[in-house]
Amino acid sequence: NAGVTQTPKFQVLKTGQSMTLQCAQDMNHNSMYWYRQDPGMGLRLIYYSASEGTTDKGEVPNGYNVSRLNKREFSLRLESAAPSQTSVYFCASRRRELPPTDTQYFGPGTRLTVL
Amino acid sequence: GNSVTQMEGPVTLSEEAFLTINCTYTATGYPSLFWYVQYPGEGLQLLLKATKADDKGSNKGFEATYRKETTSFHLEKGSVQVSDSAVYFCALSVKTSYDKVIFGPGTSLSVIP
C-alpha cells in the first residue's frame, strides 16, 4: 500500500519549457488535489478533482492545467514554465464516499526549479 | 473569508522542553481544525484534529483543544524530542466543503539535544 506517489521528485526547467507532474493514489479515493508550497505561505490549492471526470480551480490556477486520467491518477501540467512557478508541489487525496472523511493524504512532493 | 494564523518560526527548543505553537482562525460556521506535520523531505501527514468546540485532539504526545470562544487551536507537547523536528501546519476546513482546506504558513521546529 504505497498511498500517494508523485513523480518526479526533483525537476529543473528553463523558462518556457513544459512538463507534467504525475500523481497516483491506491486508496480508492474519489477526491484528489494539487497544492504548491512556498516559504511563509503554507500550502495553496492549485486545482482539485472532486471525483473522476471533474476538475475545479483552486486559489492559484493560473499557468497550470490538470487531467484526471482515471480514479487513481491526477496530473498537473505546466505549459510554459515561469520562474514564479519555482515551488514544491504536493498531490493529495481524500475519501469522499460515505462516510466521507475530512482528512487529506499527501504525497512526498516534487521540488521544481524554473531558471 | 476563512483564514488561519499561526506563530512565526523558526522555533528552537532543547530536548524535553515544553512546546506551544499558537494557532488562531477565522471561519464562518463551525470548521474542523487540524494540525499537519511535515518531516524533512516528506509530504504532510495528519497529526491530530478536532471537529467541534471543546474537542481535544491528541497523538504522539501532542495535544490541541478546539476553543470556539477564542477561535484558537494551539498545539502543545510536554516534552519534545529531537525526532519532533519538523514543520507544523495549522489548518481548517468547513464542513460544507472539505475540498477547501485552508493552511497556515507553517511553523518550523528544531529540537536540539
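Below, read A as the first sequence line, B as the second, and so on, with proteins coming before strands; counting in each chain starts at 1.
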Practice task
Using non-hydrogen atoms and a 4.5 Å limit, figure out which bit of T103(A) sits close to chain B: side chain, backbone, both or neither.
Solution key: both
Practice task
Look at the side-chain heavy atoms of Ile, Leu, Val, Met, Phe, Trp and Tyr, link any pair under 4.5 Å apart, and say whether F74(A) and V4(A) land in one connected group.
Solution key: no
Exercise for the section: Examine Y33(A) and F34(B) and state if one hydrophobic cluster contains both, with Ile, Leu, Val, Met, Phe, Trp and Tyr joined whenever side-chain heavy atoms are less than 4.5 Å apart. Expected result: yes
Practice task
Identify whether F62(B) and V11(B) are in the same connected component of the hydrophobic contact network (ILVMFWY, side-chain heavy atoms under 4.5 Å).
Solution key: yes
Exercise for the section: Below 4.5 Å from any heavy atom of chain B, which atoms of F90(A) appear? Answer side chain, backbone, both or neither. Expected result: side chain
Fill in the blank from the handout: Cut-off 4.5 Å, heavy atoms of chain A, and the answer for L44(B) is both
Handout entry: Shared hydrophobic cluster for Y35(A) and I46(A) (ILVMFWY, side-chain gaps under 4.5 Å)
Key = no
Handout entry: Within-4.5 Å side-chain heavy-atom neighbours: Q104(A) and Y36(B)
Key = yes
Exercise for the section: Find out if a path of hydrophobic residues (ILVMFWY) with successive side-chain heavy-atom gaps under 4.5 Å connects L43(A) to Y47(A). Expected result: no
Problem - Contact leader toward chain A among Q38(B), Q45(B), Q6(B), where contacts are heavy-atom pairs under 4.5 Å - result: Q38(B)
Exercise for the section: Answer yes or no: are there more than 12 heavy-atom neighbours, outside E16(B) itself, under 6.0 Å from its atom CD? Expected result: no
Exercise for the section: Hey, could you give me the OH/NZ distance between Y48(A) and K100(B), rounded to the nearest 0.5 Å? Expected result: 4.0 Å
Completion exercise
Of A92(A), G109(A), A50(A), G40(A), the largest count of non-hydrogen pairs under 4.5 angstrom with chain B goes to G40(A)
Handout entry: Region of L45(A) in contact with chain B, defined by heavy-atom distances below 4.5 Å
Key = side chain
Exercise for the section: Mark yes when over 12 heavy atoms from residues, nucleotides or ligands other than R111(A) sit less than 6.0 Å from its CZ; otherwise mark no. Expected result: no
Handout entry: Residues of residues 104-113 of chain B contacting chain A, heavy-atom criterion under 4.5 Å, by residue number
Key = G104(B), P105(B)
Problem - Side chain, backbone, both or neither of Q37(A) within contact of chain B (heavy atoms, under 4.5 Å) - result: side chain
